[in-house]
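Note that this is a predicted model, so its numbers are computed, not measured.
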Amino acid sequence: MAAEHPGPVTSADVDTAVHLLVDTASTALDADWDAPAGALDWSCWETCEHLADSLFYYAAQLSPRVPPADAPVPMGWAKRRPGGPENLIFADREAGPAGVLRVVEVCGALLVAMVDTRPPSTRAHHVFGQSDPEGFAAMGIVETLVHAQDVFDGLGLDWEPPAAVCARTLARLFPNTPPDTDPWQALLWVTGRTELPGRPRLTDWRWYGTPHKSTVD
């Protein structure tokens, strides 16, 4: 018997993921935010900026009256240092860790608003194929949860996101998720951040954001 589908990804799931990251990270405002974020080459601060940038970018793709189908919204990215993330969004360093978390929260809210207000039939460009509002919501959740893990590794924080949010995100973006696996551990595995019993850590991975089936208003 096939496992019961966990249901669609929603804007509320995005909101949950973003606020969980912000609330957890806010307990470590005095930590070293220039420490490496997990195994990344970026600092905890830079990783939060990258996350904010990703959330904003996904919201931007959905926002035009006629979203771009074959190319992204033409915005210019820049790096603040060689090897750092290429972003549209940066936080004011003088605002400290609380400031960069506020930027993450704001960009998350923009994605929540776009997912809430765009019809399911909306399609917008992504490098892995056109996606719909649910797909962009799921992409935002992956970015939020896995980069939260990166940041929390660097800050020395323990946490675990809701299994239901992870399960819905996996069902939407990762059709080849190993069955009967804890959803959070499975999400870390499909994004190349851990190994599973009998399954080595992935060195190459991607998600599948194209809609599973045609949707109408």
Side-chain angles (χ1 to χ4, degrees), residues 1-25 37-40 47 50-51 54-55 57-59 61-62 104 107-108 111-112 114-116 118 120 122-153 157-215:
M1 180 182 294
E4 182 179 353
H5 193 281
V9 176
T10 68
S11 62
D13 292 332
V14 179
D15 194 64
T16 294
V18 169
H19 284 103
L20 182 57
L21 180 153
V22 170
D23 291 346
T24 304
L40 301 181
T47 302
H50 165 76
L51 168 58
S54 297
L55 296 169
Y57 174 81
Y58 296 151
Q61 302 316 299
L62 292 169
V104 171
C107 293
L111 180 56
V112 167
M114 287 299 98
V115 173
D116 271 341
R118 292 299 180 259
T122 300
R123 299 291 183 269
H125 171 81
H126 188 272
V127 66
F128 291 152
Q130 291 184 27
S131 196
D132 56 358
E134 184 197 5
F136 281 102
M139 294 178 213
I141 291 168
V142 173
E143 293 280 356
T144 301
L145 297 184
V146 299
H147 285 314
Q149 182 65 49
D150 298 330
V151 170
F152 297 162
D153 281 346
L157 296 174
D158 293 324
W159 81 307
E160 184 168 335
V165 173
C166 296
R168 287 191 286 273
T169 303
L170 288 165
R172 179 61 180 80
L173 295 181
F174 298 98
N176 297 320
T177 300
D180 302 321
T181 304
D182 173 79
W184 174 225
Q185 293 303 308
L187 185 58
L188 291 174
W189 181 76
V190 297
T191 55
R193 282 164 171 78
T194 192
E195 60 183 29
L196 293 175
R199 297 177 184 272
R201 183 171 179 170
L202 298 177
T203 57
D204 186 31
W205 61 271
R206 59 158 292 182
W207 58 55
Y208 295 84
T210 52
H212 292 179
K213 60 183 180 180
S214 177
T215 56

Identify the heavy atoms of [X] and [Y] that sit nearest to each other, and give their distance.
{"X": "L187", "Y": "F174", "result": "CD1-CE1, 4.1 Å"}
{"X": "W184", "Y": "L145", "result": "CH2-O, 3.6 Å"}
{"X": "H125", "Y": "V127", "result": "NE2-N, 3.9 Å"}
{"X": "P120", "Y": "D132", "result": "O-CB, 3.8 Å"}

Would you list the atom pairs, donor with acceptor, under 3.5 Å between side chains in residues 160-171 and any protein atom, with sequence neighbours excluded?
| unit_1 | atom_1 | unit_2 | atom_2 | d |
| --- | --- | --- | --- | --- |
| R168 | NE | D13 | OD2 | 3.0 |
| R168 | NH2 | D13 | OD1 | 2.8 |
| T169 | OG1 | V165 | O | 2.8 |

Qualifying residues under side chain to side chain donor-acceptor pair (under 3.5 Å), relative to Q149, sequence neighbours excluded: D153, W159

What pairs with D116 under side chain to side chain donor-acceptor pair (under 3.5 Å), at least two apart in sequence or on another chain? S11

Would you mind listing every side chain to side chain donor-acceptor pair (under 3.5 Å) that reaches into residues 187-199, with sequence neighbours excluded? D150-R193

Of the options F128, W207, Y208, which is the one that meets L173 in a side-chain contact (heavy atoms from CB on, under 4.5 Å)? W207

Nearest 0.5 Å, please: how far is [atom2] in [Y] from [atom1] in [X]?
{"X": "L40", "Y": "T47", "atom1": "CG", "atom2": "OG1", "value": "5.0 Å"}
{"X": "R118", "Y": "Q61", "atom1": "CZ", "atom2": "CD", "value": "12.0 Å"}
{"X": "L20", "Y": "D15", "atom1": "CG", "atom2": "CG", "value": "11.0 Å"}
{"X": "L202", "Y": "L188", "atom1": "CG", "atom2": "CG", "value": "11.5 Å"}

Using modelled atom types only, decide if a donor and an acceptor are shared between the side chain of R201 and the backbone of G192 within a distance under 3.5 Å. yes

Side chain of R172, backbone of G209: donor and acceptor closer than 3.5 Å? yes

Begin with the C-alpha distance, continue with both residues' side-chain angles, and end with the deciding distance and a verdict on side chain to side chain contact (heavy atoms under 4.5 Å, CB included) for S131 and R123. CA-CA 5 Å; S131 196; R123 299 291 183 269; over 6 Å; no

Partner residues of T144 under the side-chain contact (heavy atoms from CB on, under 4.5 Å) criterion, sequence neighbours left out: A17, V18, L21, L51, L55

With sequence neighbours excluded, residues passing side-chain contact (heavy atoms from CB on, under 4.5 Å) with A137: V9, V14, V115

Within-4.5 Å side-chain heavy-atom neighbours: T210 and H126: no

